[in-house]
Amino acid sequence: METSIWRPIIYLVGIMAFAGVNAAYLGWCERKGAGRIQRRPGPKEVGPAGLLQPLADGIKLMTKQLLVPQGVDGIIFRVAPVIAMIPAITSMVVIPFSGNIQARAMELSVLLLFALASLAMIAILLGGWASGNKYAIISSARAVSQNLAYEIPMLLTVIAIVMISGSMNLRDIAIDQQGGFWHWNIFRFENGHFLYMWVGFIIFFICSIAETNRAPFDMAEAESELVAGFMTEYSSMGFGLFMMGEYLNIVVGACLTATLFLGGWDCPFGQTPGVWWFLLKIYILIFTVIWVRWTFPRTQVYRLLNLSWKILIPFSLVNVLVTAAFIKVF
Amino acid sequence: MEPENVPSSIVQFSQLDKLLSLGRANSLWPMTFGLACCAIEMMCTGGSRYDIARFGAEVFRPSPRQSDVMIVAGTINKKLEEAVKTLYDQMPEPKWVIAMGNCAISGGPFKVKENYNVVEGADQLFPVDVYIPGCPPRPEALLEGIMSLEEKITGKRRWPRV
Amino acid sequence: MTLPVELRHDETFVLNLGPQHPATHGVLRVKLTMDGEYIVHAEPVLGYIHRMHEKIAEAGSFPQFMPNTARMDYLHALAFNHGYALVVEKAAGIEVPERAEYIRVITVELNRIASHLLWWAAFLLDLGGFTPLLYAFDDREKVLDLLERITGSRLTYCYMRFGGVYNDIDDEFIAGTRDFIRRLRSRMPRLYHDLVTHNIILIKRITDIGFISAEQCRRYGATGPVARGSGIDFDVRKNEPYSVYPEFDFDVPVYHECDSMARYMVRVDEMEQSMRIIEQALDKLPDGPVQAKVPKNLKPEAGYYYSAVETARGSLGHRLVCDGGKNPYKLKLRSPTFSNLSLFGEVAEGMLLADALAFMGSLDLVIPEIDR
Amino acid sequence: MTILEQTQAALAPLFPAQEEPPAAAEPEGEEPVEAATSPAERRPGVATTEYSRQGYHLEVLCEPGQLVAVAEILDRQRFFIESIAGVDWPKQEQLEVVYDFTTYEAEPCRVAVRTVVPRTAPLVPTISGVFSGADWHERETFDFYGIIFDGHPDLSRILLPEDADFHPLLKDYMP
C-alpha cells in the first residue's frame with residue numbers, strides 16, 4: 001500500500017479526536033440529560049446552551065493543583081489514571097465504524113477488546129490501592145469482584161454470537177448482519193428458527209453497564225457510601241482522566257453492543273448503510289445508559305454479585321447451549 | 001462595587017491568564033459539605049427551581065480533592081473546627097471559600113456572651129472569599145454568591161447587577 | 001439483610017464515617033469497626049454541631065428563645081415552635097384563641113409534609129437515586145412558598161407566639177394550600193410510587209434491612225416513624241392530644257415489618273394523613289383573633305412543666321423548670337432523633353456498610369436537633 | 001385500673017413513709033410545685049400532678065439510692081425513657097436530676113422522677129442497665145453538669161469535645 005504512512009496517522013488523529021470529543025461532551029450530555037429528566041435546564045450559561053461547559057471544566061481540571069497526598073504509592077498513584085484512559089482509546093482501533101472506516105480489522109478483535117476491558121479494571125484497582133485511603137481500598141475491592149463477575153456472562157453471550165457468525169472479527173460479524181434489521185443478531189433466524197438472541201442482548205447490555213461501573217451498578221464510586229470511591233484522593237486531571245475513561249468505556253461498550261447485536265453500520269430498513277447509522281445506534285445506547293442512571297437507585301454489592309452468578313451466568317450458559325443446538329442440530 | 005484591585009503576579013500571561021480564570025470561574029465545583037440549616041437551602045439551590053447547574057456549579061463532589069469551592073453552610077463549633085480546617089487543607093489550589101449564612105460569617109445567633117462552643121466565623125480558620133448574609137440565605141442569595149465569586153475570579157460580572 | 005457470616009474480630013480496621021460524609025446528612029460521625037465490608041461495631045459520635053441552645057435559653061427571656069427553636073430541627077421548625085409555645089403557655093396559663101390553634105395545626109402539618117418530602121429525597125440520595133430528590137424538592141418549594149407567605153421565612157420559622165401566631169392567614173394562602181394538596185395527590189402515584197416505591201431495586205434494597213424490634217424501641221425510647229414502623233401505635237397527636245388535634249379525623253399509619261421499608265411506608269402514608277388534617281382544618285377554620293392578650297413581661301409561676309408534641313421525627317418534649325423569673329430557669333429539650341439514633345449502634349452491628357447507611361437514612365436524622 | 005393507678009400502686013412500697021391513705025397524699029403532691037425553688041425541703045414520695053397545668057401525671061421524688069428500683073418498676077410497667085434533665089440549684093448547693101418516662105399505651109401517662117444530690121459530690125446510680133436509652137442521656141447530663149452516673153459503662157463527653165474541662169450548664173459557669 002502506498003498510503004501506508006498516512007493511514008495510521010489519519011486514524012490516530014481521528015480516533016483521538018473521536019475519543020476526546022466523546023469524553024468531554026458525554027459529560028455535557030449527561031448533565032443536560034439529567035436536567036431534562038429532572039425538569040430543569042442544566043448547564044446553559046457557559047456558552048450557547050452550555051456548550052462551552054466541558055471546555056471550562058477541562059481548563060479548570062488541567063490547571064488545578066495535582067495533589068499527591070502523603071503516604072500514597074507515588075508511581076502507581078500517578079500511573080493509574082493513565083491506565084484507565086489508554087485501553088479505552090486503544091479499543092477504538094478495532095471497532096468498525098462502517099464498512100470502510102476501521103483502523104485495523106484484526107481477526108481476533110473481540111478477544112482484544114475484552115483483554116483491554118480488563119485493563120480498565122486494573123486501573124481502578126491500582127488507583128484505589130495506591131491511594132491508601134480506606135474508602136478507596138473498599139471501592140477497588142468492590143470493583144474487582146464486580147468486573148470479574150460480569151465479564152463471564154458477557155463473554156458467554158459473545159461466544160454465542162461468535163458461533164453464529166463463525167468469526168471473531170468484529171468486521172465480519174457486522175458484515176454478517178447486513179441487509180435490514182431482520183438480519184441483525186438480536187432478531188436472528190437460523191435454519192428457520194428464531195434464536196432468542198434478544199436474551200443475550202439484554203444480558204450483554206446489563207453487563208456492559210456493570211462493567212463500566214455505571215448506576216445502578218456504580219458500587220465502586222458509590223457516592224453516599226464510599227465518598228468518591230477509588231477516586232477519593234485524586235484531584236485535578238487524575239480525576240479527570242478517570243472520568244474520561246469512564247465515558248470512553250461507555251462509548252466502547254455501546255460500540256460493541258451495536259456491532260455485535262444491532263448490525264453495526266447497517267441501515268435498519270435495508271437502505272444505504274453508513275457510519276451515521278452506527279453513530280445513531282451507539283448514541284441511542286449511550287442515552288439509555290444515562291437514562292438508566294438517572295432513574296434507578298443504586299443496588300447492593302451482594303445483590304449485584306448474586307445477579308451475575310445466580311441469574312446472568314446460568315442464563316448465558318443456557319443461551320450458548322441453545323444457540324449451539326439451533327445451529328448444529330436443527 | 002468597584003472592581004477589586006488584584007495584585008499582579010510576577011510572571012504574566014495576560015491572555016492565557018484570562019482564559020484560565022474564565023475556565024475556573026465557570027466550573028466551580030462545590031464540596032458536599034452541609035453543616036446546618038443553610039445546607040438545606042444549599043440543596044434547594046441545586047433543586048429544579050433555582051438550578052445551580054445553569055452555571056456549571058452543580059457538580060457537588062463529596063471529596064475535597066476534587067472540589068474548587070467550599071461552601072461553609074452552617075455553624076462551625078469547637079469540635080468540628082479541626083475537621084473543617086483539614087477539609088480546607090485537603091482541597092487543591094486554586095480554592096475558594098464561601099461563608100454562607102450568619103453563623104459562618106460571625107457566629108450569627110450563637111455569638112452570645114455565654115458562647116462556649118461556637119467558632120465565631122469561618123474566617124477565623126481560613127480566608128473567606130464571599131460572605132452571604134442571611135439566616136439562612138435564600139437560594140437566590142447563594143446564586144448571587146456564586147456569581148460574586150465568578151466576578152472575583154475573572155474581574156467581570158456575568159450579568160449586570162439589579 | 002445481615003448475612004450469616006462469622007465475623008473475625010482479629011482483622012478489623014476502623015473507618016471514620018464523617019463528620020463530612022455525604023450520607024450522614026450533616027456532621028454526624030460514626031466510628032465503625034469494620035471487618036471487610038461488615039460492621040463489627042458502630043459508635044455514633046455526636047456534638048459536631050452542638051450549639052448551646054439550652055444555655056442560650058437560660059440567658060434570655062421567654063420570647064427570646066423562640067427563634068432558636070427553629071434552628072434545631074430546621075426541617076420541622078414549626079413543630080419546635082409549637083412545642084416551646086405549648087410549654088410556656090402551660091406554665092403561664094395562657095389561653096390560645098381557636099383560630100390560632102387551627103392555623104397552628106395547618107402550618108405544622110404543612111411543614112411536616114415538607115419535612116417528609118425532604119427526608120424522602122435525602123433517603124433516595126443515600127440509595128443512589130438522584131432524580132427523586134429533585135421531584136420532591138419541586139413539591140417542597142410549593143410548601144415553602146405557602147409558609148413563606150404567612151411566616152416570612154423559608155426554613156427557620158419564628159411564627160408561633162405565646163397565645164397565638166404572628167400572622168393571620170388569608171384567602172390566597174387557603175386557596176394555595178388546597179391547590180398544593182391537589183397537586184401532591186396527583187403527583188404521588190406516578191412520581192413517587194411508580195418511580196420509587198414500587199421500584200424493585202428499592203424494595204430489594206431496603207426490605208429486611210435494619211430490623212428494630214418493638215422491645216428495642218422501648219428500651220431506647222424511640223418514637224415517631226421509627227417506632228411506628230416497628231408496630232408501635234404511638235403518636236403524640238393521638239395518644240396525648242394537644243392543640244385541636246382531637247377534632248380531626250386521621251389515622252396513624254403503623255407497620256409491623258420493623259424494617260427500613262416499614263419506616264419508609266409510614267412516612268409516605270403520613271403525608272396523606274397530614275393532607276387530610278389540613279383539609280379538615282381548612283374546612284372548619286373558625287373566625288376570630290389569632291393572638292391572645294399576653295403580658296409583656298412573662299413570668300410563669302415556679303414549677304416543673306412538660307409538654308410533648310409530635311414532630312416529623314417523633315415525640316419532642318420540652319422540660320421546663322421555672323423559678324418565677326422572666327427567664328426559663330432550665331429548659332431541656334427531649335429531641336426525638338437523639339433517642340432514635342442511640343439504637344443505631346446496636347442494630348448496625350453485623351450489617352454491611354451499604355445496608356447500614358440505608359438503615360441510617362431510614363432513621364431520618366437531623367443532626368442539629370440531636371446535638372442542640 | 002388505669003396505668004396511672006397501677007404505676008402508683010407499684011411505686012408505693014418503695015416509700016414506706018407515705019403510709020397514709022391516698023387522700024392525705026394528694027395535697028402533699030401539690031407541695032413540690034410551690035417549693036420548686038427550694039428542692040431541699042422536699043420529701044421523697046409519689047404524688048399525682050395536675051396534667052393540664054404541668055403536662056405530666058405522676059411525680060416521684062426519690063433518694064438517689066432508690067433510682068434503680070424506681071426504674072425497674074417503671075420498666076416492668078412498660079414505660080420508656082424520654083429524657084434526663086439536670087437542674088442546677090447553686091443557692092441550695094444542690095444538683096437535681098429529672099427523669100421523664102412515658103408509655104406507648106393509648107392512655108397517656110407521664111412520670112417524672114426527681115432526685116437531688118449535693119453539688120460537691122454529684123453521684124447518682126446509672127439506670128442504663130435498665131433502659132439502654134438512658135446511656136446517652138446520662139452521658140449528656142454528665143457532659144453538661146458533671147453529674148457522675150455510678151456504674152455507667154462509658155461515662156465520657158458526648159456533645160462537647162473530648163478534652164473539654166468544664167460543665168457549661170452549671171449556673172456559675174461563664175466562658
Side-chain angles (χ1 to χ4, degrees), chain B residues 31-51 53 58 60-64 67 70 73-84 86-88 90 101-103 107-119 134-141, chain C residues 16 18-27 29 45-60 64-65 67-68 70-75 77 114-115 118 121-122 125 130-131 133-142 144-145 148 153-156 158 366-369 371:
Chain B
M31 187 176 4
T32 320
F33 182 42
L35 288 169
C37 334
C38 295
I40 304 296
E41 290 298 68
M42 189 164 83
M43 282 165 87
C44 283
T45 319
S48 302
R49 182 185 287 188
Y50 302 100
D51 198 17
E58 92 276 32
F60 279 88
R61 292 304 309 173
S63 164
S67 25
M70 180 186 206
T75 322
I76 302 172
N77 72 12
K78 299 255 165 72
K79 198 166 177 175
L80 190 65
E81 199 179 344
E82 284 305 312
V84 182
T86 311
L87 282 174
Y88 178 77
Q90 281 175 337
N102 293 350
C103 293
F110 306 103
K111 190 177 176 166
V112 287
K113 68 176 192 308
E114 297 82 15
N115 177 2
Y116 59 85
N117 205 29
V118 166
V119 175
C135 190
R138 298 176 56 93
E140 293 96 327
Chain C
N16 262 314
Q20 182 259 354
H21 186 281
T24 52
H25 300 289
V27 282
R29 169 173 157 219
V45 183
L46 317 179
Y48 287 97
I49 192 79
H50 173 56
R51 299 194 280 192
M52 329 165 287
H53 285 293
E54 287 172 16
K55 185 81 179 173
I56 291 174
E58 288 172 19
Q64 277 179 339
F65 186 63
N68 279 62
R71 278 154 187 83
M72 268 174 278
D73 183 349
Y74 39 75
L75 294 187
S115 167
L118 196 130
L125 196 60
F130 190 76
T131 299
L133 176 106
L134 287 124
Y135 291 163
F137 268 70
D138 235 14
D139 285 330
R140 188 170 168 271
E141 286 288 340
K142 303 268 183 248
L144 298 190
D145 279 352
E148 187 183 2
S153 64
R154 276 169 55 89
L155 195 69
T156 46
C158 181
V366 172
I367 314 300
E369 180 212 18
D371 289 352

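Each chain gets a letter, A, B and so on, in the order its sequence line appears, and its residues count up from 1. Hydrogens, waters and symmetry mates are skipped; everything else that's a heavy atom, side chains included, is used.
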Query - From NZ (C/K55) to CG (B/N117), nearest 0.5 Å - result: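 It is 12.5 Å, given to the nearest 0.5 Å.
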
Query raised in the report: Taking only residues two or more places apart in sequence, or in another chain, which ones meet B/Y50 in a ring pair (Phe, Tyr, Trp, His ring centres under 6.0 Å)?
Result: none

Requested in this report: Report the residues that fulfil ring pair (Phe, Tyr, Trp, His ring centres under 6.0 Å) with B/F110, sequence neighbours left out, ordered by chain and then residue number.
Outcome: C/H53

Query raised in the report: Between C/L155 and B/E41, is any pair of side-chain heavy atoms under 4.5 Å apart?
Result: yes

Engaged part of [X] at the chain C interface, taking heavy atoms whose separation is under 4.5 Å:
X	answer
B/M31	side chain
B/A39	neither
B/N115	both

Query raised in the report: Between C/H50 and B/V118, which heavy-atom pair has the shortest distance, and what is it?
Result: O-CG2, 4.4 Å

Query raised in the report: C/E369 versus chain B, heavy atoms under 4.5 Å apart: side chain, backbone, both or neither?
Result: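 Nothing of C/E369, per the 4.5 Å heavy-atom cut-off to chain B.
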
**Report entry** Verdict with supporting geometry, B/R138 and C/R154, side-chain contact (heavy atoms from CB on, under 4.5 Å)
**Finding:** CA-CA 8 Å; B/R138 298 176 56 93; C/R154 276 169 55 89; 3.4 Å; yes

Query raised in the report: Step by step, would you call C/L134 with B/R49 a side-chain contact (heavy atoms from CB on, under 4.5 Å)?
Result: CA-CA 9 Å; C/L134 287 124; B/R49 182 185 287 188; over 6 Å; no

Query raised in the report: So does C/D371 pair up with B/K79, basic N to acidic O under 4.0 Å?
Result: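 Not counted as a salt bridge, because no side-chain N and carboxylate O are separated by less than 4.0 Å.
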
Query raised in the report: Does the side-chain contact (heavy atoms from CB on, under 4.5 Å) test come out yes or no for C/L133 and B/M43, once each step is laid out?
Result: CA-CA 9 Å; C/L133 176 106; B/M43 282 165 87; 4.0 Å; yes

